[in-house]
Number of protein chains: 2
Amino acid sequence: MAVMQREYGRRTLLREIRKAGRIPRIELSGLTGISRATVTTITAEFLSDGLVEEVSRDEGEPDSRRGRPRVDLKIRGAAHLVVGVKISHHKLSLVLLDFEGEQLATEECDLSRPVSSPEELAAEIRQAVSRLAGHIGREPGDISGIGIGIAGIVEANDGFVHWSPSLSARNVELGGLLTGMLGVPCFIDNDANLVAVAEHTFGLGRDHSDFLVVTIESGVGLGMVIGGALYRGTRGCGAEFGHTKVQLNGALCRCGQRGCLEAYVADYALLREATLVSGQDAHADPAKRVENLLDAARAGDATARSIVDRAGQIFAMGLANLVNIFDPELIILAGEQMQFDHLYSDAVIDTMRKSIVQVDKAPPEVVVHKWGDLMWARGAAAYALDKVSEMALERLDEHAA
Amino acid sequence: MAVMQREYGRRTLLREIRKAGRIPRIELSGLTGISRATVTTITAEFLSDGLVEEVSRDEGEPDSRRGRPRVDLKIRGAAHLVVGVKISHHKLSLVLLDFEGEQLATEECDLSRPVSSPEELAAEIRQAVSRLAGHIGREPGDISGIGIGIAGIVEANDGFVHWSPSLSARNVELGGLLTGMLGVPCFIDNDANLVAVAEHTFGLGRDHSDFLVVTIESGVGLGMVIGGALYRGTRGCGAEFGHTKVQLNGALCRCGQRGCLEAYVADYALLREATLVSGQDAHADPAKRVENLLDAARAGDATARSIVDRAGQIFAMGLANLVNIFDPELIILAGEQMQFDHLYSDAVIDTMRKSIVQVDKAPPEVVVHKWGDLMWARGAAAYALDKVSEMALERLDEHAA
DNA sequence: TTATTTAATTTGACTTACAAATTAAAATGA
DNA sequence: TCATTTTAATTTGTAAGTCAAATTAAATAA
């Protein structure tokens, strides 16, 4: 129990160093309220353990005051390697980061099929990780942790996948399976949650303790950071924003229920109605058809506009519901901007603002953050970074005891 | 900083004692992981400060083993008095509790008008508190804290009321005003939040760290306990479940927007359509008219049924949305059962269960907890109890330092 | 060079938690 | 009845931790 304070100090300081990038001890002391003496003790431990390193201040900063100069501390990149994997419909996207978060390599490869068995998927991931490590002359065994983002319903704590569109089986211990096959600790979570982790660790949510991330891919996802921590729900199936109901007996969703948000805004929902728009080729590939539809809407085709406008209105309504429930500081809309421009439009955000409970206080900030597949992979890597840091701290905790 | 561990120990132990009711030191040690030695030290402090008392074990329990008998500790009721006030449309309901949570007196009185100025309301509360204390021969000055629940949008941290149906003014520092006028610390919050606090401290949520409370009065309210703490949002206007949108361009709500949940399930929403039901007297008082409508529905009147059924379906949809977002362990439906039976029905809860994302795991438990106005007041008192405990602990923390 | 200033470290006092030893208070058994 | 056993609570002594203050380190200013 006495060790608790030291654990607390270690966690606080490592987090603060990571957040700051580079920061001298005296500022750490000021920021955390931990005395300078203790900061010295704990950071000395980090230094000797190789988690952190000293760097000379590379400042052309004007505050070059007199007195002994401050010495910046930073996370030591070489301390660990982590990998982030994003599993999407047709491909795997991977990034390799050092412990500081620097990107060392990337790898993208097509999946042999969009839906595979757990074993097949794990095998493909293993090969991709091998190639990824190879890009910088390392081996999979050199990696300290791998974060994996997958669409579907995931219980992150035990790496259990209730269901995923990428898997042919339900209720799979994918985390354990991967850890076993790769010989490296693997951490798996819903992809939208990982985007939220990424925004929290090195994105727009860095300075916020309560914010939401809404992702749009083929489905609509949600990640919630509440009280400074990712909230995952109690059965691993929370944050199913895409399946909140926005219409009684509404449009049919691919989940089999009616009136889901997703059934109005997802690509397949748009295409369902697009056949009524003149000049649409029903045989083109889906992405192309969505693009055609959006073009037609922009060009003023009334039918196309009606489809796209309704998607926007419904999306605004869903966002307003989130605000009315959470009253967050910030909402981050994350996705590939191109394809979902119509959902990120000022008109949609305006409609949302008009649909929330009105108080004499500014509504939450809404920002759009463009995320390609590699960015999603970075989100997964951020999660791995989190977990690996935790493991490193635990090792210190035990070593001391 | 060294004092931090002691603060932690004190908070943990006092909370655990309150939660358990009566508990011997050795169990406290087991439950919290704090060593028996430290438990002795801290509880000795509580005893000498009068926060806690020893009671001989009143057990006809069969486990009367040999050895030195355990001595139970419990919160000392006489340590503090707290009051809970529920402000509703037409009346004030108050309860007086001792520090243990025992109800010592109650008081109900009509408000002179349903909407009053902050000063008038404060004056009426002061008088009611005076009478309440008088019931047990005490004075308002003997009270350590007063919790107040009010409908509307409240920033609990600074006792600031953005808006309330009971107040003629917006943006009122009602907490400060009351504290000043009564000479006793007053803590104010949205009424649904206080029900959640009450369920967490001595209700059905005692053993849960993540649950939701949905309240139904004239409006629909929500209280969220997430990660063991009440989540209030960042601007004081979260948990506005009643104004989440369930229909695009739907029914008009009294908030001025369209498609709010409340606009389908609240009493005024039912009455709006009730004029079409045969045999309805448009001039009876609202409560009576709602009752007539529900009677008609039960009797099989098709129009009445249609109104009531839709309310149920919409309510189920709203609940499903909460589950899809939060994935809570438990949902507590709190309200006066009589009037809202149709929303608490098995049919509604079944519909909800069918509208959530399906996983191979049991859906969250849904329980109905009947809450009269005095119960709401108990919720407010529970909040005061929380706050007064916190103040007592802070006093200990400082005294030690 | 020396004085000054500021950062980082070391020192020594003090607080805290805990394991182990001790004391307390009961039931059991001879 | 009285020693023995058993279990709870307290006391004791030690180790670990934090922090203020003193000291050392490393720069600038005079």
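Residue numbers begin at 1 in each chain, while the letters A, B, ... track the order of the sequences.
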**Student:** Test salt bridge (Lys or Arg N to Asp or Glu O under 4.0 Å) on B:Asp386 and B:Arg18 and set out the steps.
**Tutor:** CA-CA 10 Å; B:Asp386 247 32; B:Arg18 164 149 276 143; over 6 Å; no
**Student:** Please identify each residue that fulfils ring-ring contact (aromatic ring centres under 6.0 Å, His included) with B:Phe326, with sequence neighbours left out.
**Tutor:**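 If we apply the ring-ring contact (aromatic ring centres under 6.0 Å, His included) test to B:Phe326, skipping adjacent residues, the hits are A:Phe326.
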**Student:** What is the distance from CG of A:Asp397 to C1' of D:dG17, rounded to the nearest Å?
**Tutor:**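 The answer, rounded to whole Å, is 14 Å.
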**Student:** Within the pair A:Thr38 and D:dC19, is there a side-chain N or O less than 4.0 Å away from OP1 or OP2?
**Tutor:**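 Result: yes.
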**Student:** Who pairs with A:His208 by ring-ring contact (aromatic ring centres under 6.0 Å, His included), at least two apart in sequence or on another chain?
**Tutor:**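 Counting only residues at least two positions away or on another chain, A:His208 forms no ring-ring contact (aromatic ring centres under 6.0 Å, His included).
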**Student:** Could you give the CE-to-P distance, from B:Met4 to C:dA17, as a whole number of Å?
**Tutor:**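 To the nearest whole Å, that distance equals 11 Å.
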**Student:** Please list all pairs meeting salt bridge (charged side-chain N to carboxylate O under 4.0 Å, His left out) that have one or both residues in residues 223-236 of chain B, counting only residues at least two apart or in different chains.
**Tutor:**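 Pairs touching residues 223-236 of chain B that pass the test: A:Asp327-B:Arg235, B:Asp189-B:Arg232.
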**Student:** Expressed in angstrom and rounded to an integer, what is the separation of A:Glu45 atom CD from C:dT9 atom P?
**Tutor:**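 Checked: the CD to P distance equals 14 Å.
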**Student:** Would a distance-only check, ignoring hydrogens and angles, find a side-chain to backbone donor-acceptor pair under 3.5 Å from A:Thr179 to A:Cys186?
**Tutor:**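 Such a contact is found between A:Thr179 side chain and A:Cys186 backbone.
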**Student:** Round to the nearest Å and state the distance from A:Ile42 atom CD1 to C:dT9 atom C1'.
**Tutor:**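 Value for this atom pair: 15 Å.
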**Student:** Once you round it to whole Å, what is the distance between C1' of C:dA17 and CD of A:Glu7?
**Tutor:**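 Those two atoms, CD and C1', are 14 Å apart.
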**Student:** B:Arg6 CZ to D:dT18 P: how many Å, rounded?
**Tutor:**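 Atom CZ in B:Arg6 sits about 16 Å away from atom P in D:dT18.
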**Student:** Whether B:Arg70 contacts D:dA9 is assessed here as follows: a side-chain N or O lying under 4.0 Å from the phosphate OP1 or OP2. Is that the case?
**Tutor:**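 Result: no.
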**Student:** Tell me which of B:Gly9 and A:Thr40 sits closer to the 5' end of DNA chain C, going by the nucleotide each one is nearest to.
**Tutor:**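 Closer to the 5' end of DNA chain C: A:Thr40.
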**Student:** What nitrogen or oxygen pairs link the protein and nucleotides 23-25 of chain C at under 3.5 Å?
**Tutor:**
| residue | atom | partner | partner atom | Å |
| --- | --- | --- | --- | --- |
| C:dA24 | O4' | B:Arg68 | NH1 | 3.3 |
| C:dA25 | N3 | B:Arg68 | N | 3.2 |

**Student:** Please identify each residue that fulfils side chain to side chain donor-acceptor pair (under 3.5 Å) with A:Gln103, with sequence neighbours left out.
**Tutor:**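 Only A:Arg378 meet the side chain to side chain donor-acceptor pair (under 3.5 Å) criterion with A:Gln103.
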**Student:** Without decimals, in angstroms, what is the distance between A:Ile26 CD1 and D:dA25 P?
**Tutor:**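 My rounded result for the distance is 18 Å.
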**Student:** Give a yes/no on whether any side-chain N or O of B:Arg36 is located under 4.0 angstrom from OP1 or OP2 of C:dA20.
**Tutor:**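 No, no such contact exists.
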**Student:** Only counting residues at least two apart or in another chain, list the ones meeting salt bridge (Lys or Arg N to Asp or Glu O under 4.0 Å) with A:Glu394.
**Tutor:**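 None.
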**Student:** Hey, does A:Val71 reach any base, or is it just sugar-phosphate, or nothing, if we go heavy atoms under 4.0 Å?
**Tutor:**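 A:Val71: backbone/sugar contact only, no base atoms under 4.0 Å.
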**Student:** Restricting to ring-ring contact (aromatic ring centres under 6.0 Å, His included), what partner residues turn up for B:Phe211, sequence neighbours left out?
**Tutor:**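 Per chain and number, B:Phe211 pairs via ring-ring contact (aromatic ring centres under 6.0 Å, His included) with B:His200.
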**Student:** Strictly under 3.5 Å: I want the nitrogen or oxygen pairs between protein and nucleotides 11-13 of chain C, one per line.
**Tutor:**
none

**Student:** Would you kindly check whether a donor in the side chain of A:Arg66 faces an acceptor in the base of C:dT4, or vice versa, at under 3.5 angstrom?
**Tutor:**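 Yes.
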**Student:** So, using ring-ring contact (aromatic ring centres under 6.0 Å, His included) as the criterion, who are the partners of B:Phe160 when residues are at least two apart?
**Tutor:**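 If we apply the ring-ring contact (aromatic ring centres under 6.0 Å, His included) test to B:Phe160, skipping adjacent residues, the hits are B:His162.
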**Student:** Whole angstrom is fine here: how far is it from CZ in A:Arg25 over to C1' in C:dT10?
**Tutor:**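 The distance from CZ of A:Arg25 to C1' of C:dT10 comes to 14 Å, rounded to the nearest Å.
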